[in-house]
Amino acid sequence: MPISKLAHFSVRTTDIEATRRFYTGILGFKEGYRPAFKFPGVWLYRGGDEADYGVVHIIGIDKDDPSGLTEYLGEMDESSLHGSGAIDHVAFLATDLADMRRRLKEAGLECRERTVPDMGLHQVFMEDPSGVTIELNFPAAEALADVVQSGGRHD
């Protein structure tokens, strides 16, 4: 099969700063090079992936002049920008579950957690500022170690 991996996903948003803060402050992506498009945006990298053009592309909407974005990507009704639409969620492999829980708590963000039976995978689900569901997959051993350390609770 000619497809080797997901290159990136893009989030079109009316609140570029809140989206940038979520993906950098909570998920830990780093802002990097972005071509000089005629519309606002940010390209985010996980580190060491500069040759791959980033993982998350945030596409800002300039309400005063949407022509650059419309010309490049086409028009999209603003009411359709909330939630995942036909895409249910975007998933990443991750480590350091305890640190992620801390970040989410400090940011006041809700999440849902579950351990996948028979896979050794612990999942954390949250929504970004545009309502896109993000799934983080941690080794289940991290969740178990955290439960043992905390006496059965994680706050």
Side-chain angles (χ1 to χ4, degrees), residues 1-35 37 39-61 69 73 76 78-155:
M1 180 167 192
I3 296 173
S4 62
K5 68 177 183 175
L6 175 67
H8 70 270
F9 72 93
S10 297
V11 177
R12 196 180 298 208
T13 181
T14 57
D15 193 342
I16 199 166
E17 288 308 313
T19 305
R20 176 198 325 249
R21 284 191 309 270
F22 175 82
Y23 284 96
T24 59
I26 301 299
L27 298 185
F29 288 103
K30 306 288 184 227
E31 192 171 341
Y33 172 78
R34 178 181 179 267
F37 292 116
F39 53 91
V42 177
W43 280 14
L44 301 173
Y45 298 79
R46 63 175 184 82
D49 61 346
E50 287 73 17
D52 288 341
Y53 313 111
V55 176
V56 180
H57 294 178
I58 300 171
I59 301 168
I61 298 170
L69 178 57
L73 291 178
M76 188 175 281
E78 203 172 296
S79 67
S80 71
L81 299 181
H82 190 80
S84 299
I87 297 173
D88 185 71
H89 64 275
V90 177
F92 297 99
L93 296 178
T95 58
D96 203 346
L97 176 61
D99 183 58
M100 180 53 61
R101 285 176 173 157
R102 179 192 57 76
R103 289 183 196 197
L104 291 168
K105 183 177 180 181
E106 287 175 0
L109 292 173
E110 300 278 326
C111 71
R112 300 171 309 284
E113 296 189 35
R114 69 170 177 244
T115 299
V116 180
D118 305 322
M119 282 194 69
L121 201 60
H122 185 78
Q123 299 174 316
V124 177
F125 293 89
M126 69 205 74
E127 280 71 42
D128 81 354
S130 296
V132 175
T133 300
I134 304 296
E135 172 188 326
L136 301 179
N137 291 295
F138 296 88
E142 286 190 38
L144 182 58
D146 192 35
V147 168
V148 170
Q149 270 185 332
S150 67
R153 55 176 207 290
H154 64 80
D155 14 51

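This is a predicted model, so every value here is computed, not measured.
- Atoms CG and CZ, on D96 and R101 in that order, are 10.5 Å from each other to the nearest 0.5 Å.
- Atom CG in N137 sits 8.0 Å away from atom CE in M119 (nearest 0.5 Å).
- The structure places CE of M126 at 4.5 Å from CG of L104, a figure rounded to the nearest 0.5 Å.
- Between R112 and E127 there is a salt bridge, since at least one side-chain N of the basic residue sits less than 4.0 Å from a carboxylate O of the acidic one.
- Heavy atoms from other residues, nucleotides or ligands lying under 6.0 Å from CD of E106 number more than 12.
- We find the CZ-CG distance between R103 and L27 to be 8.0 Å, quoted to the nearest 0.5 Å.
- In this structure, CG in L121 is found 10.5 Å from CG in L136, a value given to the nearest 0.5 Å.
- For the pair F9/V56, a side-chain contact is recorded, criterion being any heavy-atom separation below 4.5 Å from C-beta on.
- I26 places a side-chain heavy atom less than 4.5 Å from the side chain of M100.
- Side-chain atoms of E113 never come within 3.5 Å of backbone atoms of V124 as a donor-acceptor pair (strictly under, hydrogens ignored).
- Scanning both residues, Y45 and Y33, for their nearest heavy atoms gives OH-O, 2.8 Å.
- Under the side chain to side chain contact (heavy atoms under 4.5 Å, CB included) criterion, F37 pairs with R34, P35, F39, W43, Y72, not counting sequence neighbours.
- For the pair V55 and Y23, the minimum side-chain heavy-atom distance is 4.5 Å or more.
- Taking the charged nitrogens against the carboxylate oxygens, E17 and R20 do have a contact shorter than 4.0 Å, which makes a salt bridge.
- In this view, A18 and D15, R21, P129 satisfy the side chain to side chain contact (heavy atoms under 4.5 Å, CB included) rule, not counting sequence neighbours.
- Nearest approach of P139 to A94, heavy atoms of both residues: CD-O, 3.5 Å.
- Partners of P40 according to the side chain to side chain contact (heavy atoms under 4.5 Å, CB included) rule, which considers only residues two or more places apart in sequence or in another chain, are I16, D62.
- The 12-atom threshold is exceeded at CZ of F125, counting heavy atoms of other residues, nucleotides or ligands nearer than 6.0 Å.
- Taking CG of L81 as the reference point, atom CD1 of I61 lies at 4.5 Å (rounded to 0.5 Å).
- Looking at every heavy atom in both residues, S130 comes nearest to R12 through OG-O, 4.2 Å.
- Residues I134 and F22 come closest through the heavy atom pair CG1-CE2, 4.0 Å.
- When atom types are taken as modelled, the side chain of R114 and the backbone of Q123 share no donor-acceptor pair closer than 3.5 angstrom.
- Of all the heavy atoms in H57 and Y53, the pair that sits closest is NE2-O, 2.8 Å.
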